[in-house]
Novice: 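Before I ask anything, let me first share the structure, which is written out below as structure tokens.
Nothing here was measured: the structure is a model prediction, and the numbers come from that model. Note: hydrogens, waters and symmetry copies are ignored here, and every other heavy atom, side chains too, is used.
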Amino acid sequence: MNGEEEFFDAVTGFDSDNSSGEFSEANQKVTGMIDLDTSKNNRIGKTGERPSQENGIQKHRTSLPAPMFSRSDFSVWTILKKCVGLELSKITMPIAFNEPLSFLQRITEYMEHVYLIHRASCQPQPLERMQTHCSGKTENAHGTNSDRNQVPTALHKRPSSPARFLTEAVPVPPVDYLQSVAAFAVSAVASQWERTGKPFNPLLGETYELIREDLGFRFISEQVSHHPPISAFHSEGLNHDFLFHGSIYPKLKFWGKSVEAEPRGTITLELLKHNEAYTWTNPTCCVHNVIIGKLWIEQYGTVEILNHRTGHKCVLHFKPCGLFGKELHKVEGHIQDKNKKKLFMIYGKWTECLWGIDPVSYESFKKQERRGDHLRKAKLDEDSGKADSDVADDVPVAQETVQVIPGSKLLWRINTRPPNSAQMYNFTSFTVSLNELETGMEKTLPPTDCRLRPDIRGMENGNMDLASQEKERLEEKQREARRERAKEEAEWQTRWFYPGNNPYTGTPDWLYAGDYFERNFSDCPDIY
């Protein structure tokens with residue numbers, strides 16, 4: 001098969017290991033409109049059954065139509081043994097390693113903790129807004145909730161130009177906003193905890209929309225490029241309080257025992273009420289033991305969230321596992337002003353929770369901690385000579401839960417998962433609802449929406465033979481369409497996004513063209 005004919009199903013979105021602890025449950029609300037108490041959605045009824053409306057709000061399903069199948073009879077080594085050191089975007093993977101979602105739906109999981117954006121929009125000062133972009137619900141170290149922020153009811157229009165957008169704001173201390181933004185950025189990767197399947201690679205022209213009136217947002221995404229694979233997305237608050245957009249191009253490599261996903265593409269959040277824009281990129285994800293042993297995942301790298309109006313920056317370090325798993329899942333960082341003065345410290349685990357505290361208290365605590373660390377150093381050095389080998393990497397034992405520094409406030413906690421999550425690909429309650437096809441929905445969706453993909457639907461329903469057959473059919477259909485375009489020397493035309501430059505960073509990006517929700521789908525391609 002030559003390069004023109006081959007179709008890839010990228011190994012995108014392997015996910016993470018759990019670090020359980022006392023902060024594993026959340027009860028998050030934004031007063032007046034948004035209720036994110038997922039414990040209400042964990043009630044399991046008949047398989048795949050969708051609960052009725054409650055208090056006028058549409059309830060979503062709490063389980064999948066069929067349980068997850070076993071992967072024990074499949075070996076990924078037969079696929080990857082010739083790919084060491086290579087980029088994986090052109091490697092076709094068996095359906096056994098998938099989960100019943102498209103990568104476009106996986107991107108939508110960024111919005112699970114959207115209440116953090118609403119909270120940032122309501123906060124009067126920018127430091128607290130930046131902290132929210134990293135995590136979630138606010139409590140102090142004693143577990144007392146701070147004031148809840150309401151979703152703004154006024155309508156805010158996006159300025160005609162970024163320059164005007166960044167200069168019209170009323171001067172306020174910018175540190176408080178950043179707490180919320182940082183919280184959101186960390187929470188966006190939390191759904192990857194224990195997710196060992198990969199999403200289906202989107203077909204060229206595939207789309208996904210999600211409207212959640214209960215959470216106050218709507219979302220649209222499109223697969224805008226095939227080689228390389230690029231997914232563009234755009235989300236907006238229903239109260240016109242924010243815009244959230246970007247394009248994702250993960251570069252994946254196989255290193256013998258692990259698969260590494262390097263993030264590409266800029267993520268942008270605009271808080272329209274405050275005339276502020278923030279940009280960042282996601283951390284690197286590494287999946288261990290893809291050949292033998294139990295899969296486990298770590299996120300590592302530095303994430304920098306920049307406030308383009310004030311110059312304030314949140315710098316977050318996703319720690320690599322380290323010796324004996326001491327740093328597993330840890331996130332540490334700070335918020336600084338444009339002169340690099342540290343204003344606020346952030347710490348926690350991306351699988352669990354995030355806390356914040358003032359720099360003086362943080363450094364004092366760390367000094368005390370270091371005094372105790374040197375007493376254990378000798379024993380660690382004795383065992384540090386363990387070399388890499390051909391056997392599986394031991395799954396690091398999760399260390400004690402996050403040690404809370406006195407005086408800290410809780411920025412975010414991960415949502416509790418459904419009790420049957422392990423039988424549903426370790427999906428969260430939010431994720432379970434993403435591929436739900438409600439009665440009559442197919443009449444309003446474009447024919448390119450992921451929910452209408454027969455291979456994903458077949459897998460979700462437990463029909464693996466049908467799913468595999470449909471996957472092969474769709475791949476061949478896409479190859480044939482590409483050959484036809486080559487004959488006619490025709491360029492693929494995207495429908496809802498166009499290539500351009502990010503208005504704040506100037507880097508290449510895909511920008512929303514608008515009008516999707518006008519629902520004129522007459523010229524959508526036939527891809528299924």
Novice: May I ask you to test the Thr62-Ser429 pair for a side-chain heavy-atom distance under 4.5 Å?
Specialist: no
Novice: Could you tell me if Glu236 and His245 have a donor-acceptor pair between their side chains, going purely by distance under 3.5 Å?
Specialist: no
Novice: Who are the side chain to side chain donor-acceptor pair (under 3.5 Å) partners of Thr448, not counting sequence neighbours?
Specialist: Thr207
Novice: Checking salt bridge (Lys or Arg N to Asp or Glu O under 4.0 Å) for the pair Asp526/Lys477: CA distance, chi angles, key distance, verdict?
Specialist: CA-CA 10 Å; Asp526 174 18; Lys477 180 179 178 67; 3.7 Å; yes
Novice: If the test is side-chain contact (heavy atoms from CB on, under 4.5 Å), which one of Arg106, His113, Gln105, Met111 qualifies with Glu109?
Specialist: Arg106
Novice: For Ile117, is there any backbone N or O sitting under 3.5 Å from a side-chain donor or acceptor partner on Ser121?
Specialist: yes
Novice: Counting the benzene-type ring for Trp, do Phe242 and His118 have ring centres under 6.0 Å apart?
Specialist: yes
Novice: Rounded to the nearest 0.5 Å, how far apart are CG of Leu437 and CG of Leu452?
Specialist: 6.0 Å
Novice: Which pairs with one or both residues in residues 457-466 pass salt bridge (Lys or Arg N to Asp or Glu O under 4.0 Å), sequence neighbours excluded?
Specialist: Arg61-Glu460, Arg457-Glu460
Novice: Report the residues that fulfil ring pair (Phe, Tyr, Trp, His ring centres under 6.0 Å) with Phe244, sequence neighbours left out, ordered by chain and then residue number.
Specialist: Phe184, Phe233
Novice: Has the side chain of Asn420 got a donor or acceptor atom that lies under 3.5 Å from a matching backbone atom of Gln423?
Specialist: no
Novice: Could you state the interatomic distance from OG1 (Thr431) to CZ (Arg417), rounded to the nearest 0.5 Å?
Specialist: 7.0 Å
Novice: Cut-off 3.5 Å, side chains only: do Thr284 and Glu262 have a donor facing an acceptor?
Specialist: no
Novice: Listed by chain and number, what are the salt bridge (charged side-chain N to carboxylate O under 4.0 Å, His left out) partners of Glu491, not counting sequence neighbours?
Specialist: none
Novice: Any side-chain heavy-atom pair from Thr494 and Trp510 closer than 4.5 angstrom?
Specialist: yes
Novice: Sequence neighbours left out, what passes ring pair (Phe, Tyr, Trp, His ring centres under 6.0 Å) with Tyr300? Give chain and number order.
Specialist: none
Novice: Pairs in or reaching into residues 420-433: which pass salt bridge (Lys or Arg N to Asp or Glu O under 4.0 Å), with residues at least two apart or in two chains?
Specialist: none
Novice: My understanding is that only residues two or more places apart in sequence, or in another chain, count here; which of them pass side chain to side chain donor-acceptor pair (under 3.5 Å) with Asp523?
Specialist: Arg495
Novice: Is a donor from one side chain sitting under 3.5 angstrom from an acceptor on the other, for Thr428 and Glu112?
Specialist: yes
Novice: Any heavy-atom pair between the side chains of Met441 and Arg451 that's under 4.5 Å?
Specialist: yes
Novice: Between Trp492 and Leu204, is there a side-chain heavy-atom distance shorter than 4.5 Å?
Specialist: yes
Novice: Under the salt bridge (charged side-chain N to carboxylate O under 4.0 Å, His left out) test, which residues partner Asp515, sequence neighbours left out?
Specialist: none
Novice: Which distance, rounded to the nearest 0.5 Å, do you find between the OG of Ser247 and the CD1 of Ile267?
Specialist: 9.5 Å
Novice: Please identify each residue that fulfils salt bridge (charged side-chain N to carboxylate O under 4.0 Å, His left out) with Glu442, with sequence neighbours left out.
Specialist: none
Novice: Within the side chain of Gln223, is there an N or O that forms a donor-acceptor pair under 3.5 Å with the backbone of Ser225?
Specialist: yes
Novice: Which residues pass the salt bridge (charged side-chain N to carboxylate O under 4.0 Å, His left out) test with Arg485, not counting sequence neighbours?
Specialist: none
Novice: Is a side-chain donor-acceptor pair under 3.5 Å present for Asn502 with Thr268?
Specialist: yes
Novice: Quick check: does any side chain N or O of Arg264 sit under 3.5 Å from a backbone N or O of Ile230, one acting as donor and the other as acceptor?
Specialist: no
Novice: Is any side-chain heavy atom of Phe497 less than 4.5 Å from a side-chain heavy atom of His234?
Specialist: yes
Novice: Under a 4.5 Å cut-off applied to non-hydrogen side-chain atoms, are Ile248 and Tyr110 in contact?
Specialist: yes
Novice: Who are the side chain to side chain contact (heavy atoms under 4.5 Å, CB included) partners of Ser433, not counting sequence neighbours?
Specialist: His60, Arg212, Glu436
Novice: Please check if any side-chain donor atom of Tyr208 sits under 3.5 Å from a side-chain acceptor atom of Glu206, or the reverse.
Specialist: no
Novice: Apply side chain to side chain donor-acceptor pair (under 3.5 Å) to Asp455 and list each qualifying residue two or more places apart in sequence or on a separate chain.
Specialist: Arg453
Novice: Is the gap between the ring centers of Tyr516 and Phe219 under 6.0 Å?
Specialist: no
Novice: Step by step, would you call Arg413 with Glu352 a salt bridge (Lys or Arg N to Asp or Glu O under 4.0 Å)?
Specialist: CA-CA 6 Å; Arg413 283 177 178 165; Glu352 190 173 326; over 6 Å; no
Novice: Can you find a heavy atom in the side chain of Glu99 that is under 4.5 Å from one in the side chain of Arg195?
Specialist: yes
Novice: Hey, are the side chains of Pro263 and Trp280 touching, using non-hydrogen atoms and a 4.5 Å cut-off?
Specialist: no
Novice: So how far is it from Cys353 SG to Leu410 CG, rounded to the nearest 0.5 Å?
Specialist: 6.5 Å
Novice: Does NZ or CZ of Arg218 fall inside the cone over Phe517's six-membered ring, less than 6.0 Å from its centre and within 45° of the axis?
Specialist: yes
